[in-house]
Each structure stands twice: as C-alpha cells, then as structure tokens.
Enquirer: 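Pasting a structure here, questions to come.
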Protein chains: 2
Amino acid sequence: MQPAGDEEAAPKQRVQDEIRRDIIFGSLPPGTRVTETALATKYGISRVPVREALRALEAEGFVESKPYAGSTVSKIPVDDAEDLFFVREALESATARRAARRAAAQFDSGAPSSEWWNARKLLAGILDEGDAAVAQNRLDLLPELNIRFHLGIAELSGSSSLTALLRQIAGKIEWLYATDVDNRGKESWGEHRSIIAAIDAGNFADAEKLMANHVHQSKEGYLDRFSTEQS
Amino acid sequence: MQPAGDEEAAPKQRVQDEIRRDIIFGSLPPGTRVTETALATKYGISRVPVREALRALEAEGFVESKPYAGSTVSKIPVDDAEDLFFVREALESATARRAARRAAAQFDSGAPSSEWWNARKLLAGILDEGDAAVAQNRLDLLPELNIRFHLGIAELSGSSSLTALLRQIAGKIEWLYATDVDNRGKESWGEHRSIIAAIDAGNFADAEKLMANHVHQSKEGYLDRFSTEQS
DNA sequence: TTACGCTATTTTGTATACAAAGCTACGAGC
DNA sequence: GCTCGTAGCTTTGTATACAAAATAGCGTAA
C-alpha cells in the first residue's frame with residue numbers, strides 16, 4: 001500500500017490544485033484574467049472540469065467571477081488579511097481546545113479509537129516532514145505542510161463542523177503563509193510541537209492558549225511586514 | 001426600477017436556491033440521496049448546471065459528495081451546531097464592531113459615501129419587512145430576512161473578507177434558524193433594532209456586545225430545544 | 001443456507017457541440 | 001472631432017453524448 005497522494009487524482013481535482021498553487025506561489029498574480037478555454041488547453045482537458053475547479057476556487061476566495069464576464073484572480077488587501085487572522089484565531093483556539101479534551105477522553109476510556117489514532121499518527125508524520133524541511137532549508141515545502149498540520153489538529157478535535165469551516169479558509173491561510181514564510185516560517189513551525197504536547201497531555205487550557213498565541217504571532221508578523229507596503 | 005430579486009435568475013442559480021430551500025424547509029431531509037439526473041429532470045434543465053449547483057451547495061455544507069458515489073443531504077448534529085454558533089459569535093461580534101466604527105467615520109467625515117448609504121437603506125427595508133412579517137405572524141418569512149439582516153450588517157462593516165466568511169456559513173445559519181423560528185423567532189427579531197441603533201450611534205462597544213448576546217441567545221435557545229432530542 | 005464472485009445497471013465524470021450574453025472596434029451621424 | 005449605435009468576435013452558460021467507476025442483484029458453489 002503506497003501512501004496517499006501518489007495516486008493520480010481526478011482531472012478536476014488536479015487542475016484545481018494546480019491553479020491554486022499557481023495563485024499562491026505567484027505565477028498568477030492578483031488581478032489576472034483567467035479564461036476557461038485557456039486553462040483547458042493548458043492542462044489538456046475539457047472546459048467542464050475547468051469550470052468546476054474555478055467554481056471551487058471561487059468558493060475558497062481565490063478567484064472572483066461574474067456571470068458571462070469571466071474570472072479574475074482575487075487580491076488580498078491587508079485589512080482583509082487581518083480579518084482572516086481574527087477569525088482563524090477564534091476558530092483554531094476552539095479546535096485546539098477540543099482536540100485536547102478529546103485526547104484526554106481517549107486515554108481515560110481505555111483504548112483510543114482507531115480513527116483518533118490514525119489522525120494522531122498522520123500528524124506525527126507531518127511534524128517530522130516539517131522538521132526535515134526546516135533542517136534542509138526547504139521553506140517552500142512549509143506552506144502546504146503548515147495547512148496540513150492545522151487541518152490535522154481540526155481532525156483531531158473530532159468536530160466535522162469546525163474542520164469544514166477551517167478547510168474553507170485553509171487556502172487563503174496557505175496563501176498568506178506563503179507570502180511570509182521567509183520571515184517567520186522556521187520560528188512558526190517550531191511552535192507546533194508545543195501545541196501537540198499540550199493536546200497529548202490533555203491540557204486544554206494550555207492548548208487553547210498556545211494555539212491562540214501561535215496564530216496571533218503569525219498575524220503580527222504578517223501585519224508588521226505588509227501593513228506599510230499597501231500593494 | 002424594480003427591486004432586485006424579481007429578475008429571473010440563471011438556471012444554475014435558480015436550482016441552487018431551490019434545492020437549498022428544499023433542504024432548509026424539510027422537503028429534502030438529512031441523509032436523502034440526491035442524483036443529478038433526478039434533479040435535472042425535475043427542474044427541466046441539463047445535468048451540467050445541476051452539477052455546479054450541487055458543488056456550490058457542497059461548499060456551503062448542505063450536501064456531501066464523494067467521487068463517483070453521489071451526493072447526500074448533510075445532517076446537522078447538535079454539537080456541530082454548537083461549533084457553528086461559536087464561530088458565528090466571533091465573526092458577527094467583529095462585523096458589528098466594525099460597522100459601528102465605520103458608521104461613526106461616515107458621519108465624522110461630512111457626507112456618508114453612497115455605498116454606505118445604500119447598504120444602510122437596504123437594512124432599513126429589511127427591518128421593516130421583518131417587523132411586518134412578525135405582525136402578521138408570517139414566521140416562515142423570517143429565516144431569509146434574518147440572514148439578509150446579518151449579511152447586511154456585514155456589508156455595513158465594509159470588510160469584504162468578513163462578509164465573504166459570513167456568507168459561507170449563512171446557509172447553515174438559515175437552516176438552524178428555520179428549525180427554531182417558532183421558538184425564538186419573534187424575540188430574536190426584536191433584538192435587531194437595538195443592534196442597529198448602537199451601530200448608528202457609533203457605539204462600537206455596545207454594538208459588539210449586543211450582537212454577541214444576540215447570537216448567544218440564539219445558541220442557548222437552540223441547544224435547550226434540541227440537545228435532548230438527538231434525531 | 002450463506003458467502004463469494006460476476007455481470008448488469010445506475011450514476012458520476014468528461015468531452016464535444018450549440019446558444020446566449022458581454023465586450024470591442026469600427027463606422028456613421030451630429 | 002466627438003459620440004452613439006451596431007456588427008462581429010470572444011467568452012461564458014447550457015445541452016447532449018460518451019466513458020469510467022461503483023453499487024446492486026443474481027447465480028453458483030461450499
């Protein structure tokens with residue numbers, strides 16, 4: 001059994017990830033006009049899956065579309081980023097707290113459920129991957145790993161609702177993270193271990209506080225860096 | 001010029017609203033399996049716009065889809081509803097606060113911008129409509145009016161990011177609201193005027209607190225009613 | 001009787017073809 | 001010379017046709 005991710009995804013999913021990646025890493029700058037036919041020919045597929053991918057990216061906030069007028073890559077105004085961090089802080093404090101409570105419950109009730117254990121193992125792998133990336137100075141790998149870590153915490157919380165909400169804004173978080181990874185990437189990644197430790201210990205108060213701080217630091221770092229530029 | 005909403009929408013948008021409505025008001029109970037062909041024939045259109053509508057509803061959390069396995073109407077577990085209220089409280093406290101700040105800024109700087117003024121007038125109309133609905137005991141009209149009110153506050157805040165996030169969960173909010181409208185609909189609607197008053201007065205602390213309370217009350221009411229049923 | 005495997009049907013995913021709407025550019029009229 | 005209207009083109013929206021995957025049902029064998 002090979003690890004998930006190697007299996008070739010469906011065309012729709014593939015182009016969706018590809019386009020999002022192009023937006024996050026700058027190949028498609030904000031304001032760019034994207035046409036369905038161009039993307040279809042570029043990726044060698046029909047317009048139908050391209051349309052679906054664009055609609056999904058629209059829901060994630062990466063592109064904006066108007067009927068019969070096409071799609072353009074969204075901009076990230078600085079104050080919008082601030083709002084995003086604000087919501088994220090509330091959301092992720094909650095996931096961390098619940099994850100810690102659930103961890104404690106798992107151990108209290110004898111054997112942990114296989115679902116919980118799988119999520120926990122996945123998270124361990126992500127942490128190791130991230131540490132390796134930091135050690136090799138491959139900061140370009142961190143944005144995706146970062147979002148997988150935070151979604152992993154949400155999974156661990158057991159709340160499908162919180163997970164779904166976080167997933168909604170995950171793309172934008174990765175986008176912001178990618179623009180600031182050179183600045184705070186290493187330090188930010190280092191904070192992840194202590195969050196996990198608090199969760200494993202069932203210390204929900206610490207888990208919540210550490211996560212809130214973690215997000216808050218990211219926010220401050222981002223705003224310090226970009227609040228004066230105003231692209 | 002007739003009010004927006006009377007103009008016949010595009011088929012995709014139309015079926016999307018129709019399906020959502022059917023889910024919210026119970027014609028399509030949670031767990032129901034929905035097939036594209038059935039919906040297509042039902043609404044007399046092709047499968048393509050149906051697919052897009054389903055994908056959008058999936059993003060809103062109304063249906064869940066797996067590749068080649070179809071879509072089913074989502075369930076609303078009670079604890080997921082609690083999470084939703086939690087996020088909503090954080091989100092809407094922020095929109096109310098910003099709306100109040102912005103209102104004060106509009107008046108301080110001489111003449112209000114036409115954009116702000118339009119949003120404010122829209123909100124006034126919604127409030128009147130809601131009051132009329134309450135007076136005539138047409139509680140079935142309240143869910144939609146309620147969500148339009150809260151989105152209106154978000155518009156008034158001027159933060160497109162917060163508005164977009166709220167819009168993401170607006171459907172589910174309406175869904176929960178519809179299940180509890182008989183219980184708390186009238187009382188809940190009455191609280192809206194005081195929130196607007198605080199915003200108009202530029203009293204951001206009160207606006208934030210009133211909104212937080214408003215959402216909190218809804219949460220308590222919902223949980224009191226449904227926490228024991230566990231459908 | 002029950003469990004396993006195969007086939008047939010259903011349903012989703014994708015490709016191509018056509019219709020409708022918007023945008024651009026050119027030309028006529030003021 | 002400028003403006004408004006119109007024709008052509010580009011692009012999105014929708015319909016139909018075909019391919020791939022999964023599920024369900026039936027039959028066979030243990």
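Letters A, B, ... mirror the listed sequences (proteins, then strands); counts begin at 1.
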Enquirer: If the condition is ring pair (Phe, Tyr, Trp, His ring centres under 6.0 Å), which residues does Phe107(A) pass it with, not counting sequence neighbours?
Expert: Trp116(A)

Enquirer: Among residues at least two apart in sequence or on other chains, which ones pass side-chain hydrogen bond (donor to acceptor under 3.5 Å, both in side chains) with Ser27(B)?
Expert: none

Enquirer: Going by the rule side-chain hydrogen bond (donor to acceptor under 3.5 Å, both in side chains), which residues pair with Tyr43(B) if we only count those two or more places apart in sequence or in a different chain?
Expert: Asp22(B)

Enquirer: For nucleotides 9-24 of chain C, read 5' to 3', which letter fits each nucleotide if B means a protein heavy atom sits under 4.0 Å from the base, S means only the sugar-phosphate is that close, and - means neither?
Expert: ---BBBBB---BSS--

Enquirer: With sequence neighbours excluded, what pairs up with Glu52(A) under the salt bridge (Lys or Arg N to Asp or Glu O under 4.0 Å) test?
Expert: Arg51(B), Arg55(B)

Enquirer: Could you list the residues that satisfy side-chain hydrogen bond (donor to acceptor under 3.5 Å, both in side chains) with Arg120(A), not counting sequence neighbours?
Expert: Asp200(A)

Enquirer: For Arg33(B) and dA22(D), what is the distance between atoms CZ and P respectively, to the nearest whole Å?
Expert: 13 Å

Enquirer: Look for any protein N or O under 3.5 Å of an N or O in nucleotides 5-7 of chain C and output each such pair with its distance, or none.
Expert:
none

Enquirer: Is any NZ, NE, NH1 or NH2 atom of the basic residue among Lys75(B) and Asp80(B) found under 4.0 Å from an Asp or Glu carboxylate oxygen of the other?
Expert: no

Enquirer: What donor-acceptor contacts under 3.5 angstrom involve side-chain atoms of residues 173-181 of chain A, with partners at least two apart or in another chain?
Expert:
residue   : atom : partner   : partner atom : Å
Thr179(A) : OG1  : Leu176(A) : O            : 2.6
Asp180(A) : OD1  : Asn183(A) : ND2          : 3.4
Asp180(A) : OD1  : Arg225(A) : NH1          : 3.3

Enquirer: Just to verify, what does Arg101(B) make a side-chain hydrogen bond (donor to acceptor under 3.5 Å, both in side chains) with, not counting sequence neighbours?
Expert: none

